[in-house]
Amino acid sequence: MARILITSALPYINGIKHLGNLVGSQLPADLYARFQRGRGNEVLFLCATDEHGTPAELAAAKAGKPVADYCAELHDIQAGIARQFGLSFDHFGRSSSPQNRDLTQHLAAKLAENGLIEEISERQVYSNADGRFLPDRYIEGTCPNCGYDKARGDQCENCTKQLDPTDLIDPRSAISGSTDLEVRETKHLYLRQSLLKDDLDQWIDSKKDWPILTTSIAKKWLHDGDGLQDRGITRDLDWGIPVKKGDEDWPGMEGKVFYVWFDAPIEYIACAKEWADAHGKPDSAWERWWRTDKGADDVKYVQFMGKDNVPFHTLSFPATILGSKEPWKMVDHLKSFNYLNYDGGQFSTSQGRGVFQDQALEILSADYWRWWLLSHVPESSDSEFTWENFQQSVNKDLADVLGNFVSRITKFCRAKFGEAVPDGGEFGPTEQAVIDDLTTRIRAYEGHMDAMEVRKSAQELRAIWVIGNEYLQSAAPWSTFKTDPEQAAAQVRLALNLIRIYAVLSAPFIPDASARMLEAMQTDDDSWPDDVAAAVTALAPGHAFTVPDVLFAKITDEQREDWQTRFSGTRD
RNA sequence: GGGCCUGUAGCUCAAUUGGUUAGAGCAGAGCGCUCAUAACGCUUUGGUUGCGGGUUCAAGUCCUGCCGGGCCUACCA
């Protein structure tokens, strides 16, 4: 039995996420986790909220709440939504956890011990009115290049010129609008990842099967200009993990916190400890997933994320791990995704554009979204959500091909034989052909799922559903029943068994419907169809079942138009 | 500006890494079936692979130049 560690990129805490956030990391990670569990492998699937940083502080301030309270509240909301989407995390942690604080401080101490931390004094913009240092992009002003009056301190969005905040004419705080700004001297810790450039380069080179999107971004950062740059890993903020060297104070760093991108990936590890602690397990329980000296040697570690996260996962975090010189597990496969667009533009949290996760669940249950999003996941390039496409795909695939199959065969059986798997007759060449066809496709499905080829997996699964309808059409039990009821019984028996098989195979995509199918068939047997010939006889003659309610109601034109209108504007 | 990705049927995507006649699903057309959520099955229309050059026995695939879409560019995360 293989052991697979799976992490999804951590959703940021500052609000409810839209569908784009879901499709780019959590949902495919869940698909993979469910599949691997279904195959009988041991899985630890972790995710958490990413809670530190300036945007969290600002969002809390806007909500009029202490930042810790705000984060706790939003964490619970996000956890609830994740549960409703069926995201099967073994633990959904928090980057603000004590476990992460301890580990982050510990790793910083190790990095310092190994000569990989440098203290650098720099000058940053301080806003007296806001009482805080301002990150570059929170300073607005007039672009010295093009005259655009809403240029940000890092870059002018109008002329794309990269800027330094001090370049701006009439700079002001993007938070309060205050012009009472000054440049102050402040000291920060830098991670000297440039010293690890060659190690990282070799490590990336050894990953031949990673998506080109992943490696090309990493390579760019490694080789662009002067190569990999050192990175500041501390900030002048109140909210975050206090800068300490392990348990000890870090002289000169009082009142500062670690940079959110330093502690967020460390939460992947700390989250495993949160999981163990929450279940009263000893440290060895999580260390066997993360410490190669404590049993994690044979673990396969897979990360899922959107493309914007790639540099931190291919460079910064590995630099932290390598630099600690401790035997932490490194990622084996890094699956990255492009973006999902909404009806001709981008989903945007800040602009409130698109469909948000809570709204999505208000109008339809998780399986509809899971199926569409996964079968259209932006794997090779950005993809686009449109209501027409959503309606068409969902109606055709889920309602017509799968749902109607379940409906037609259970109802036919009930009418002709009653609500139990009928006895009599034998499988012939037609049935053998179905078994062969299924075997070929199931093996292909497994291959695509193992390779995390999400779209291809969805296509293959759909083709597997189609086999059921093809079989009924060619076997035509409604005809054979008139002349040879025994033969019809065998045909129905096979078709009813397909429902159980479909439930098992489809569970990673549509877990709710899958559970309802098993429930209707009144079976707990969710064993994977390794041997298809055996699997089509799992439900034996006499086994009682019930006709389920419609698995997937169709989306009507009226609904689609209604939603189209409702979600055409923005949300505040 | 620099780097990377991308452009294939009306739509969403494939194409075993240079190898027969570029394939699926949806949408369209026709036929069949009547168990079923007016569902299902079969057949079928539809392509100058963004455009122009080049390399090769052979190019959707490699090179080059244009055109379009997108991402990243290190202090948002």
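Protein chains get the first letters and strands the later ones, always in sequence-line order, with residue 1 at the start of each.
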*If you look at every strand shown and take non-hydrogen atoms under 4.0 Å, does A/Lys396 touch a base, only sugar-phosphate, or nothing?*
sugar-phosphate
*Pick base, sugar-phosphate or nothing for A/Asp136, based on heavy-atom distances below 4.0 Å to the nucleic acid.*
base
*Decide yes or no, distance alone: a donor-acceptor N/O pair under 3.5 angstrom between the base of B/A74 and the side-chain of A/Trp221.*
no
*Whole-angstrom distance between B/A22 and B/G30, as gauged at atom C1'*: 25 Å
*asked:* Suppose you measure atom P in B/C57 against the same atom in B/G1; what distance do you get, rounded to whole Å?
replied: 38 Å
*Could you check whether A/Glu453 gets within reach of a base, just the sugar-phosphate, or nothing at all, counting any heavy atom under 4.0 Å?*
nothing
*In terms of side-chain heavy atoms of A/Gln473, which of B/C33, B/A36, B/G25 is nearest?*
B/C33
*For the side chain of A/Asn404 and the base of B/A39, is some donor closer than 3.5 Å to an acceptor across the two?*
no
*Write down the distance separating the P atoms in B/C51 and B/A9, rounded off to the nearest Å.*
10 Å
*Looking only at atom types and distance, does a side-chain atom of A/Ser474 sit under 3.5 Å from a main-chain N or O of A/Tyr471, one as donor and one as acceptor?*
yes
*Touch check for A/Phe312, heavy atoms < 4.0 angstrom, all strands: base, sugar-phosphate only, or nothing?*
base
*Given that both distances must come in under 3.5 Å, which nucleotide forms a Watson-Crick or G-U wobble pair with B/U17?*
none
*Looking across every strand, which nucleic acid part, if any, lies under 4.0 Å from A/Phe481 by heavy atom: base, sugar-phosphate, or nothing?*
nothing
*Any side-chain N or O of A/Arg137 under 4.0 Å from OP1/OP2 of B/C75?*
no
*Please determine, for the side chain of A/His376, which listed nucleotide (B/A39, B/C13, B/U12) has the closest atom?*
B/U12
*If you measure from the P atom in B/A27 to the same atom in B/A39, how many Å do you get, rounded?*
9 Å
*asked:* Please give the distance between the C1' atoms of B/G54 and B/U43 as a whole number of Å.
replied: 43 Å
*How is A/Asn14 classified with respect to the nucleic acid when contacts are heavy atoms under 4.0 Å: base, sugar-phosphate, or nothing?*
nothing
*Take the protein atom CH2 of A/Trp372 and the nucleotide atom P of B/C26, then report the distance between them rounded to whole Å.*
17 Å
*Separation of B/C42 P from A/Ile467 CD1 (nearest whole Å)*: 11 Å
*Base, sugar-phosphate alone, or nothing: which one does A/Lys456 contact when heavy atoms must sit under 4.0 Å apart?*
sugar-phosphate
*Which heavy-atom pair separates A/Glu51 from A/Trp239 by the least distance, and what is that distance?*
O-NE1, 2.6 Å
*Applying a 3.5 Å limit to both distances, which nucleotide forms a Watson-Crick or G-U wobble pair with B/A9?*
none
*Choose from B/G2, B/A74, B/A77 the nucleotide whose nearest atom is closest to any side-chain atom of A/Thr54.*
B/A77
*Pairing partner of B/G1 (Watson-Crick or G-U wobble, both distances under 3.5 Å)*: B/U73
*Base, sugar-phosphate, or nothing for A/Val260, non-hydrogen atoms under 4.0 angstrom?*
sugar-phosphate
*Say you pick atom P in B/C40 and the same atom in B/U12; how far apart are they, in whole Å?*
23 Å
*Mind checking the C1' distance from B/G50 to B/U21? Whole angstroms is fine.*
24 Å
*Please state how far atom CG in A/Leu402 lies from atom P in B/G41, giving the value in whole angstrom units.*
12 Å
*Under 4.0 angstrom, heavy atoms only, what part of the nucleic acid is A/Gln229 near: base, sugar-phosphate, or nothing?*
base
*What does A/Gln124 touch in the nucleic acid at a heavy-atom separation under 4.0 angstrom: a base, only the sugar-phosphate, or nothing?*
base
*Grab the CG-P distance between A/Asp263 and B/A77 for me, whole Å please.*
10 Å
*Hey, does A/Gly53 reach any base, or is it just sugar-phosphate, or nothing, if we go heavy atoms under 4.0 Å?*
sugar-phosphate
_A/Asn395-A/Lys554 side chain donor-acceptor pair, cut-off 3.5 Å_ = no
*Under 4.0 Å: is that the gap between some side-chain N or O of A/Arg462 and OP1 or OP2 of B/C26?*
yes
*Where each residue is assigned the nucleotide of RNA chain B containing its nearest heavy atom, which of A/Ser383 and A/Leu551 is assigned the position nearer the 5′ end?*
A/Ser383
*Test for a donor-acceptor pair under 3.5 Å between the base of B/C26 and the side chain of A/Glu388, counting only N and O atoms.*
no
*If only side-chain N and O atoms of A/Lys411 are considered, is one of them under 4.0 Å from the OP1 or OP2 phosphate oxygen of B/U37?*
yes
*Can you check whether A/Tyr12's main-chain N or O pairs, donor with acceptor, with A/Lys17's side chain at less than 3.5 Å?*
yes
*asked:* Looking at A/Tyr339, I'd like to know whether one of its side-chain N or O atoms comes within less than 4.0 Å of OP1 or OP2 on B/C72.
replied: yes
*Would you mind calling B/U17 syn or anti? Take O4'-C1'-N9-C4 for purines or O4'-C1'-N1-C2 for pyrimidines, and syn is within 90° of 0.*
syn
*Any side-chain N or O of A/Lys307 less than 4.0 Å from the OP1 or OP2 oxygen of B/G70?*
no
*asked:* When the C1' atoms of B/G46 and B/C63 are compared, how many Å lie between them, rounded to an integer?
replied: 32 Å
*asked:* Could you tell me how far apart A/Asn469 (CG) and B/A39 (C1') are, to the nearest whole angstrom?
replied: 9 Å
*Is B/G28 paired to anything, Watson-Crick or G-U wobble with both distances less than 3.5 Å, and if yes, which nucleotide?*
B/U44
*Identify whether any heavy atom of A/Gly227 sits under 4.0 Å from a base atom; if not, whether one sits that close to sugar-phosphate; answer base, sugar-phosphate or nothing.*
base
_Interatomic distance where CD1 belongs to A/Ile555 and P belongs to B/U37 [whole Å]_ = 19 Å
*asked:* Could you check whether A/Tyr190 and A/Glu122, counting side-chain N and O atoms only, form a donor-acceptor pair closer than 3.5 Å?
replied: yes
*Does B/G41 have OP1 or OP2 sitting under 4.0 Å from an N or O in the side chain of A/Tyr471?*
no
*asked:* Tell me if the aromatic rings of A/His188 and A/Phe133 count as close, with their centers under 6.0 Å from one another.
replied: no
*Could you tell me if the ring centre of A/Trp372 sits under 6.0 Å from that of A/Phe385?*
yes
*asked:* Return whichever of A/Ile409 or A/Glu470 has its heavy-atom-nearest nucleotide of RNA chain B closer to the 5' end.
replied: A/Ile409
_Minimum-distance nucleotide (side-chain atoms of A/Trp478 versus B/G3, B/C33, B/A74)_ = B/C33
*asked:* Tell me whether the NZ or CZ atom of A/Arg184 lies within the 45° cone about the ring axis of A/Tyr126 and under 6.0 Å from its centre.
replied: yes
_What contact category does A/Val406 fall into here, base, sugar-phosphate, or nothing, at under 4.0 angstrom with non-hydrogen atoms?_
nothing
*Let me know the distance between NE2 of A/His448 and C1' of B/A24, rounded to the nearest Å.*
13 Å
*Are the aromatic ring centres of A/Phe390 and A/Trp369 under 6.0 angstrom apart?*
yes
*To the nearest Å, give me how far apart NZ (A/Lys219) and C1' (B/C4) are.*
14 Å
*Please work out whether the ring planes of A/His75 and A/Phe92 are parallel, tilted or perpendicular, with thresholds of 30° and 60°.*
parallel
